[in-house]
Amino acid sequence: MDIFRIEGPVRLSGSVKVKGSKNAALPIMAAMLLAPGKSTLKSVPYLSDITVCSELLNSLGCKVAREQNGDITIDSTDVNNPVGDYEIVRKMRASICILGPLLARCRKAQVSMPGGCAIGDRPVDIHLRGLRELGAQISIKNGYIVAEAPNGLTGSEIFLGGPFGSTVLGTANVLSAAVLAKGSTIIESAACEPEITDLANCLTKMGAKIKGIGSPHLYIEGVNELYPLEYQVIADRIEAGTFMAAAAITRGELKIENCRLVDLMAVVDKLRNVGVTVESADHGCVVTHKGTIKTADITTQPYPGFPTDLQAQFMALLALGDGNSVIIEKIFPDRYMHVAELNRMAANLRKEGPVVIIAGVEKLMAAPVMASDLRASAALVLAAMAAEGTTIVNRVYHIDRGYEKIEERLNPLGAKIVRENV
Ligand code: EPZ
């Protein structure tokens with residue numbers, strides 16, 4: 001198993017290019033099930049989650065290949081086995097996003113229920129509620145979601161809001177099913193994340209009829225058929241935000257290329273609040289920080305609010321703030337596995353339910369730490385680059401799920417990260 005050995009403190013400087021978005025690519029890859037034939041997806045990152053998604057689509061009867069030029073081709077002509085097997089689905093929760101497309105394409109689907117998750121309780125009840133509204137009969141058998149719509153799906157008016165607001169993959173599933181349903185569908189309280197906008201734009205290019213893209217109100221006119229396409233997924237805003245926090249926590253200066261500031265307004269606002277300079281530049285931005293890190297309060301919210309997927313990285317940053325800050329996690333209230341690990345690095349964090357009170361410290365100290373999930377591991381890498389001494393980050397496989405060869409991209413900027421297999 002790989003670990004990272006990270007020397008600190010370092011100062012990052014130079015330019016780095018953001019890769020394509022994992023969270024846009026996954027529901028888009030699943031949506032290729034809707035159009036029999038060969039599609040080509042561009043800018044899909046090299047990540048273990050993408051490999052699992054490819055394995056999953058292949059198990060359904062697709063032919064998925066990574067071309068020399070990095071494109072992914074998906075031939076969905078022969079989708080002959082609409083079953084999302086537990087052995088694959090247990091590796092990646094996002095596998096659930098094949099459910100809607102399979103139901104629309106094959107009028108039946110069996111998908112293993114996603115299991116537990118380090119970031120907290122993650123039910124799929126809203127996904128199922130939305131698909132039932134489209135006329136699917138759904139039951140749970142032996143750990144599998146069994147869904148059928150022998151006469152096809154029928155458009156409906158669907159409210160997709162939940163206890164924590166909208167659901168991203170729930171919206172992806174219901175939208176991907178509604179585009180081939182008979183008649184029209186209205187989705188109220190749809191997620192507005194840029195990844196959902198990218199999916200809706202991709203479906204539109206395949207021949208779907210969708211209005212209200214980018215808003216919580218989606219109007220879908222069902223069509224009889226969709227067509228394969230060539231499509232480029234958007235840049236990864238969470239990766240971009242992680243690099244921004246890396247520049248800030250190391251008092252560095254980074255040119256972040258292929259980064260869409262418009263997708264990160266809440267994040268840029270917080271960075272400027274704590275004294276970081278963020279300047280727009282062609283195809284990206286320049287993030288600079290010299291002095292102290294000021295305090296800030298952060299509440300995670302559905303887009304366009306502050307993203308929960310940057311909560312851990314900003315906690316590492318605010319741990320070095322010149323006073324007290326507060327973070328409230330409103331999307332995944334238990335998403336705090338990184339708190340104890342950061343405290344091992346001499347941070348001063350106190351968790352009270354969904355709230356963490358951060359008493360800023362002068363400096364962080366190196367320590368052996370354990371990654372528990374994708375974004376927590378990114379926060380530990382950031383903290384280690386700012387900490388004094390050599391930090392060992394265990395279970396690096398978590399970071400490989402969402403960041404392509406992170407050490408090979410940070411080391412040229414001045415980081416000292418060694419990957420070791422132990
Ligand atoms: C997506 O997960 C992302 N994953 C997550 O990123 C991200 O944290 C999350 O959206 C929120 O932005 C992908 O896109 C692959 P939700 P998703 O359904 O769709 C509750 C990362 O680090 N809920 O929007 O699974 C749920 O428990 C990952 O890249 C229900 O109650 O998240 C949560 O509290 C981690 N019932 C809230 O809604 C449901 O049926 C939002 O979850 C569905 C969700």
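Residue numbers count from 1 along this sequence.
Side-chain contact check for Met315 versus Ile358: some heavy-atom pair is nearer than 4.5 Å. For the pair Ile28 and Leu41, the minimum side-chain heavy-atom distance is below 4.5 Å. Side-chain contact between Ile186 and Leu218 is absent, with no heavy atoms from C-beta onward closer than 4.5 Å. Inter-residue side-chain proximity for Val356 and Val326 is flagged as unmet; no heavy-atom pair is nearer than 4.5 Å. Residues Leu160 and Val174 have side chains in contact (heavy-atom distance under 4.5 Å, counting atoms from C-beta outward). At least one side-chain heavy atom of Val124 sits under 4.5 Å from a side-chain heavy atom of Ile145. Considering only heavy atoms from C-beta on, Val267 comes within 4.5 Å of Leu310 through its side chain. Using a 4.5 Å cut-off on side-chain heavy atoms (C-beta onward), Met92 and Ser48 make no contact.
The backbone N or O of Lys330 lies less than 3.5 Å from no partner atom in the side chain of Arg335, so there is not a single donor-acceptor pair. Panel note: side chain Arg11, backbone Arg251; a donor-acceptor pair is recorded below 3.5 Å. The backbone N or O of Ala35 lies less than 3.5 Å from a partner atom in the side chain of Ser76, making a donor-acceptor pair. Formation of a donor-acceptor pair under 3.5 Å by the Thr51 side chain with backbone atoms of Leu47 is found in this model. Looking at Asp400, its side chain never comes within 3.5 Å of a backbone N or O of Lys405 through a donor-acceptor pair. For Thr185 (side chain) and Ser156 (main-chain N/O), a donor-acceptor pair under 3.5 Å exists by modelled atom type. In terms of modelled atom types and a separation under 3.5 Å, the side chain of Arg5 and the main chain of Ile392 share no donor-acceptor contact. The backbone N or O of Asp309 sits less than 3.5 Å from a side-chain atom of Gln313, completing a donor-acceptor pair. Here the side chain of Tyr231 pairs a donor or acceptor atom with the backbone of Asp198 at under 3.5 angstrom. Formation of a donor-acceptor pair under 3.5 Å by the Asn58 side chain with backbone atoms of Ser54 is found in this model.
Counted within 6.0 Å of NZ on Lys205, heavy atoms from surrounding residues, nucleotides or ligands total more than 12; the atom is thus considered enclosed. More than 12 non-hydrogen atoms from other residues, nucleotides or ligands lie less than 6.0 angstrom from CG of Asn80. For Lys63, the NZ atom counts as densely surrounded, since its 6.0 Å shell holds more than 12 non-hydrogen atoms of other residues, nucleotides or ligands. Within a 6.0 Å radius of OH in Tyr144, more than 12 heavy atoms belonging to other residues, nucleotides or ligands are found. Under a cut-off of 6.0 angstrom, the local environment of CG in Asn224 is sparse, with at most 12 non-hydrogen atoms contributed by other residues, nucleotides or ligands. For Arg409, the CZ atom is densely surrounded, since the number of other residues' heavy atoms within 6.0 Å is greater than 12.
Nearest heavy-atom pair, Leu103 versus Ala149, reported as atom, atom and distance to 0.1 Å: CD1-N, 4.2 Å. Of all heavy-atom pairs spanning Ala177 and Gly100, the tightest one is CB-O, 3.8 Å. Taking every heavy atom of both residues into account, Pro82 and Lys108 meet most closely at CB-O, 3.5 Å. Residue Thr242 comes nearest to Ala378 through the heavy atom pair CG2-CB, 4.2 Å, listed as atom of the first residue, atom of the second, then distance. Nearest heavy-atom pair, Gly161 versus Ile126, reported as atom, atom and distance to 0.1 Å: O-CD1, 4.1 Å. Contact detail for Ser112 and Val89: the closest heavy-atom pair is O-CG1, 3.5 Å.
Remark: Leu410 CG to Lys416 NZ distance equals 13.5 Å, nearest 0.5 Å. For the atom pair Arg375 CZ and His398 NE2, the distance stands at 13.0 Å (nearest 0.5 Å). Rounded to the nearest 0.5 Å, atoms CD1 (Ile293) and CG (Leu317) are 4.5 Å apart. In this structure, OG in Ser176 is found 10.0 Å from CG in Leu169, a value given to the nearest 0.5 Å. Tyr303 contributes atom OH, which lies 4.5 Å from atom CG of Asp263 (distance to the nearest 0.5 angstrom). Taken from CD1 in Ile238 to OH in Tyr403, the straight-line distance is 7.5 Å, to the nearest 0.5 Å.
One finds a salt bridge joining Arg350 and Glu352 here, because a Lys/Arg side-chain nitrogen approaches an Asp/Glu carboxylate oxygen to under 4.0 Å. Between Lys270 and Asp297 there is no salt bridge, since no side-chain N of the basic residue sits under 4.0 Å from a carboxylate O of the acidic one. Salt bridge annotation for Asp282-Lys255: present, with a cationic side-chain nitrogen under 4.0 angstrom from a carboxylate oxygen.
Checking Glu329 against Thr300 by side-chain atom types alone, a donor-acceptor pair falls below 3.5 Å. Counting only N and O atoms by type, the side chains of His127 and Asn173 include a donor and acceptor under 3.5 Å apart.
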Item checked: Pair Asp71-Asn69, side-chain hydrogen bond (donor to acceptor under 3.5 Å, both in side chains): steps then yes or no -> CA-CA 6 Å; Asp71 292 355; Asn69 65 2; 3.0 Å; yes

Note to self: Before you tell me yes or no, could you show the steps for Val79 and Leu57 under side-chain contact (heavy atoms from CB on, under 4.5 Å), namely the whole-Å CA-CA distance, both residues' side-chain angles and the distance that decides it to 0.1 Å?
What the structure shows: CA-CA 9 Å; Val79 175; Leu57 293 175; over 6 Å; no

Next item on the list: Quick one: do Ile220 and Lys209 satisfy side-chain contact (heavy atoms from CB on, under 4.5 Å)? Show the steps, please.
Entry: CA-CA 6 Å; Ile220 302 118; Lys209 294 200 171 111; over 6 Å; no

Next item on the list: Under the side-chain contact (heavy atoms from CB on, under 4.5 Å) rule, what do His338 and Gln311 come out as? Steps first, then yes or no, please.
Entry: CA-CA 10 Å; His338 42 284; Gln311 176 255 98; 2.7 Å; yes

Checklist line | Trace of the side-chain contact (heavy atoms from CB on, under 4.5 Å) decision for Cys259 with Leu264 | finding: CA-CA 9 Å; Cys259 145; Leu264 287 159; 4.2 Å; yes

Note to self: Please evaluate residues Glu253 and His289 with respect to the criterion side-chain hydrogen bond (donor to acceptor under 3.5 Å, both in side chains), reporting the C-alpha separation (whole Å), side-chain torsions for both, the decisive distance (0.1 Å), and the verdict.
What the structure shows: CA-CA 7 Å; Glu253 175 161 352; His289 190 58; over 6 Å; no

Note to self: Assess the residue pair Glu195 and Arg237 against the criterion (salt bridge (Lys or Arg N to Asp or Glu O under 4.0 Å)); give the C-alpha distance rounded to whole Å, side-chain angles, the decisive distance to 0.1 Å, and a yes or no.
What the structure shows: CA-CA 9 Å; Glu195 296 76 26; Arg237 66 188 168 108; 2.7 Å; yes

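Judged by the 6.0 Å distance and 45° axis criteria, Arg66 is positioned over the aromatic ring of Tyr46.
Take Phe306 and apply the ring pair (Phe, Tyr, Trp, His ring centres under 6.0 Å) test, not counting sequence neighbours, and it matches Phe314. For Thr73, the side-chain contact (heavy atoms from CB on, under 4.5 Å) partners at least two apart in sequence or on another chain are Lys38, Thr40, Ala65, Glu67.
With respect to Asp49, the salt bridge (charged side-chain N to carboxylate O under 4.0 Å, His left out) criterion is satisfied by exactly one of Arg401, Lys91, Arg93: Arg401.
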Donor-acceptor pairs under 3.5 angstrom involving side-chain atoms of residues 12-26: please list them, not counting sequence neighbours.
{"from": "Ser15", "atom 1": "OG", "to": "Glu257", "atom 2": "OE2", "distance (Å)": "3.3"}
{"from": "Ser21", "atom 1": "OG", "to": "Asn23", "atom 2": "N", "distance (Å)": "3.3"}
{"from": "Ser21", "atom 1": "OG", "to": "Ala24", "atom 2": "N", "distance (Å)": "3.0"}

